[in-house]
Asks: 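Please see the structure below; I have some questions.
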Amino acid sequence: MAWNFFSLSPLTTKYRKVTTSEIPTCLVLKGVKYICSSSAIYLEHFINRDRSVNSDSFYASLIDNSTHKRHLDQIHSRLLVSGLQHNGFLMTKLVNGSSNLAQICYARKLFDGFCFPDVFMWNAIIRSYSRNNMFRDTIDMYRWMRLTGVHPDGFTFPYVLKACTELLDFGLSCLIHGQIIRYGFGSDVFVQNGLVALYAKCGRVSVAKVVFDGLYHRTIVSWTSIISGYAQNGESMEALRMFSQMRNADVKPDWIALVSILRAYTDVDDLEQGRSLHGCIIKIGLEDEPDLLISLTALYAKCGMVMVARSFFDQMKTPNLIMWNAMISGYAKNGHAEEAVHLFRDMISRNIKPDSVTVRSAVLASAHLGSLKLAQWMDDYVSNSNFGSCIFVNTALIDMYAKCGSVESARMVFDRNSDKDVVMWSAMIMGYGLHGQGWEAINLYTTMKQASVFPNDVTFVGLLNACNHSGLVKEGWKLFHSMKDFEIEPRNEHYSCVVDLLGRAGYLGQACAFIMKMPIEPGVSVWGALLSACKIHRCVTLGEYAAKKLFSLDPYNTGHYVQLSNLYASSRLWDRVAHIRVLMRERGLNKDLGYSVIEINGKLQAFHVGDMSHPMANEIFNELQILERRLKEMGFVPHTESVLHDLNYEEKEENLSFHSERIAVAYGLISTAPGTTLRITKNLRACVNCHSAIKLISKLVEREIIVRDANRFHHFKDGLCSCRDYW
DNA sequence: GTAGGGTTAG
């Protein structure tokens with residue numbers, strides 16, 4: 001093929017060579033390939049001399065090859081000069097060309113200047129808005145189109161449906177669905193696939209299924225739409241059932257379908273099936289598909305195999321943003337918060353721009369770590385970034401501050417957001433609950449309703465939790481019963497809160513009767529709440545009943561065995577304590593090792609029970625002994641029942657004072673200036689003995705000590721705890 | 001000129 005390196009200079013009619021500094025576009029006309037520069041429009045003079053060239057196809061090629069708005073400007077002016085401004089084909093091409101260059105205003109100007117748009121022209125402008133994520137405008141244009149009497153066609157609806165999907169407007173979707181049927185596209189597979197995806201994304205997957213079932217001919221897109229629909233709505237098992245139906249129908253999955261199926265396996269933690277699908281992917285030869293690598297990363301990370309996940313991440317030479325997000329959130333959500341933060345910092349130092357998903361995951365990881373210093377760093381980072389007004393990120397910040405011990409900072413983030421949704425309100429309510437500020441939570445709920453924000457199921461989990469942590473039995477009971485006013489079906493979480501609330505307050509009989517009347521099968525959390533109430537009130541028979549339920553529902557959770565053993569120990573039933581120990585050994589379970597983390601000068605230091613490994617161990621134990629002596633002088637009597645095993649008295653006492661939280665306190669005291677607040681995070685729930693001891697210590701040393709246990713926060717000050725001994 | 005996916009707040 002001949003290459004003609006030329007274009008016409010705008011100033012002369014002579015040809016000139018294209019200089020290398022000009023980036024040319026290609027143009028193929030009648031088998032001759034031309035390179036045209038920005039002044040390529042002047043080729044027209046040449047072409048016009050050659051009458052055999054059709055001007056429509058010439059301009060069409062020119063538009064297709066335009067890489068800059070200035071090209072379109074030139075072409076448009078030529079069309080005007082040549083009287084071609086009413087040529088629907090060319091003007092539609094021009095609109096499409098503009099939208100491809102994200103010149104949506106320009107596209108609209110062209111459209112408005114066109115007197116009698118046909119369906120092609122309408123589709124072009126509707127497509128422009130949809131492709132540029134301007135979904136309200138997409139719908140507006142569609143409405144206007146119908147008003148002018150132009151009938152939409154099979155190309156119109158996919159764009160309109162895409163807009164409905166993004167707007168999550170169920171009412172609008174139904175309306176459009178009606179119009180699709182009226183205009184006769186009830187069996188157009190493209191349009192129907194759009195409907196399946198739309199209903200699924202609106203959370204109406206059963207409606208999506210009806211549309212899917214009505215499809216006469218199903219393409220891989222139809223199957224992917226319904227499978228991902230189930231997966232996105234938390235119905236992974238149904239998604240996987242559809243996948244096997246798809247295989248029975250002999251439809252071969254492509255990589256997009258595989259991504260959806262992997263997601264379903266990820267959601268149900270099915271590593272075995274996920275692995276076998278991974279094998280299939282390798283067999284088909286799709287293992288290097290970047291988007292499948294991302295899904296595999298998410299799968300292995302979710303199933304705890306972060307090293308494998310990391311190997312996929314490392315395999316990608318230049319991971320895209322979603323891969324970074326998958327890896328960071330994989331770390332953050334699966335017990336590797338430190339790695340998550342590390343990777344996030346790595347990303348920033350490499351000048352890769354995070355998005356709101358990345359930042360949210362990093363904030364989530366910081367919440368897990370519990371370091372207030374890191375929390376403040378994250379907050380600063382967000383304030384200096386573009387995410388300062390992002391509701392997702394700010395909600396995560398509120399949750400993070402609450403979990404890092406500063407409910408005041410959480411409130412500051414909350415207050416600086418003017419646009420709050422129910423999730424943000426719920427996060428703040430949850431935060432108050434975590435810190436035992438029950439009334440603040442309830443008052444905030446009242447303010448929320450005044451602001452016309454409707455509560456959802458999570459709001460109530462937060463509220464009931466707050467009531468629990470503050471012993472607000474009546475208020476909690478009332479709130480629970482008000483759920484039906486908002487048509488919210490209580491879940492196991494809500495029921496367990498109520499059981500907790502009644503049980504702790506000593507209404508064990510009522511708690512039991514409440515469980516019996518539950519309309520759903522009581523889950524682990526419900527029986528767990530009953531058992532822990534039985535432990536507090538030393539009710540052995542009922543506790544044994546609850547424990548039996550727990551052992552059958554959740555046999556490998558060590559916590560239940562420890563709870564029951566503690567219940568026996570508190571009732572001095574040592575032979576039964578021993579029996580539990582045997583049971584645990586038989587089932588291969590070990591008591592979770594308690595550890596506490598304290599942050600000194602931004603550095604986290606962990607201690608486990610009786611930890612002697614620290615270089616300052618001698619000083620720490622010296623301090624522990626001083627504290628112990630002073631506690632005794634104040635008349636402190638250790639609660640020996642907090643020990644799981646049947647030990648003799650002295651041993652028990654020693655064991656207690658070497659609990660990890662006590663060691664962390666001692667280390668904190670000798671490592672910080674007088675008056676400094678100590679912040680400690682414990683992996684298990686606070687033990688009764690340490691709780692009483694730390695209360696007194698806070699008074700003795702005149703320090704505020706904040707301890708986050710597995711359930712909530714304890715603010716120790718002046719000999720008292722914010723939980724008022726209610727936890 | 002049409003449609004499907006992956007990371008995703010409490």
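Letters go in sequence order (proteins before strands), and every chain restarts at 1.
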Asks: Could you give the CZ-to-P distance, from A:R360 to B:dT8, as a whole number of Å?
Replies: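 Rounded to the whole Å, the gap is 7 Å.
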Asks: Starting at CZ of A:F387 and ending at P of B:dT8, how long is that distance when rounded to a whole Å?
Replies: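 Rounded to whole Å, this separation is 16 Å.
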Asks: Mind calculating the distance between CZ (A:R491) and C1' (B:dG10) to the nearest angstrom?
Replies: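 Computing the A:R491:CZ to B:dG10:C1' distance gives 10 Å.
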Asks: Any donor-acceptor pair under 3.5 Å linking the side-chain atoms of A:Y129 with those of A:R108?
Replies: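 Short answer, yes.
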Asks: Round to a whole Å and report the spacing from CG of A:N417 to C1' of B:dG10.
Replies: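 About 15 Å, once rounded to whole Å.
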Asks: Can you tell me how far P of B:dT7 sits from CG of A:N334, to the nearest Å?
Replies: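 Value for this atom pair: 13 Å.
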Asks: Using the six-membered ring of A:W324, assess whether NZ or CZ of A:R350 lies under 6.0 Å from its centre and within 45 degrees of the ring axis.
Replies: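 The answer is no; the distance or angle limit is not met.
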Asks: Look at the side chain of A:N334 and the backbone N and O of A:C303, then say whether any donor-acceptor pair between them is shorter than 3.5 Å.
Replies: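 Between the backbone of A:C303 and the side chain of A:N334 there is no qualifying donor-acceptor contact (under 3.5 Å).
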Asks: Is A:K333 touching bases, backbone alone, or none of the nucleic acid, heavy atoms closer than 4.0 Å?
Replies: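 If one applies the 4.0 Å heavy-atom cut-off, A:K333 turns out to touch the sugar-phosphate alone, with no base involved.
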Asks: Looking just at side-chain N and O atoms, do A:S61 and A:D64 make a donor-acceptor pair shorter than 3.5 Å?
Replies: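 No - no donor-acceptor pair under 3.5 Å links their side chains.
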Asks: Rounded to the nearest Å, what distance is computed from the CG atom of residue A:L444 to the C1' atom of nucleotide B:dG10?
Replies: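 To the nearest whole Å, that distance equals 13 Å.
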Asks: Report, as a single string ordered 5' to 3', how protein heavy atoms within less than 4.0 Å touch nucleotides 1-6 of chain B: B base, S sugar-phosphate only, - not at all.
Replies: BBBBBB
Asks: Take the protein atom NZ of A:K302 and the nucleotide atom P of B:dT7, then report the distance between them rounded to whole Å.
Replies: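 After rounding, the gap between these two atoms is 10 Å.
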Asks: Does either side chain, that of A:N456 or that of A:T459, offer a donor lying less than 3.5 Å from an acceptor on the other one?
Replies: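 Yes, A:T459 and A:N456 have a side-chain donor paired with an acceptor closer than 3.5 Å.
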Asks: Apply salt bridge (Lys or Arg N to Asp or Glu O under 4.0 Å) to A:D379 and A:R416, showing your working.
Replies: CA-CA 12 Å; A:D379 190 8; A:R416 76 181 180 218; 2.9 Å; yes
Asks: Expressed as a whole number of angstroms, how long is the span from A:Y432:OH to B:dG10:P?
Replies: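 So the two atoms are 18 Å apart, to the nearest Å.
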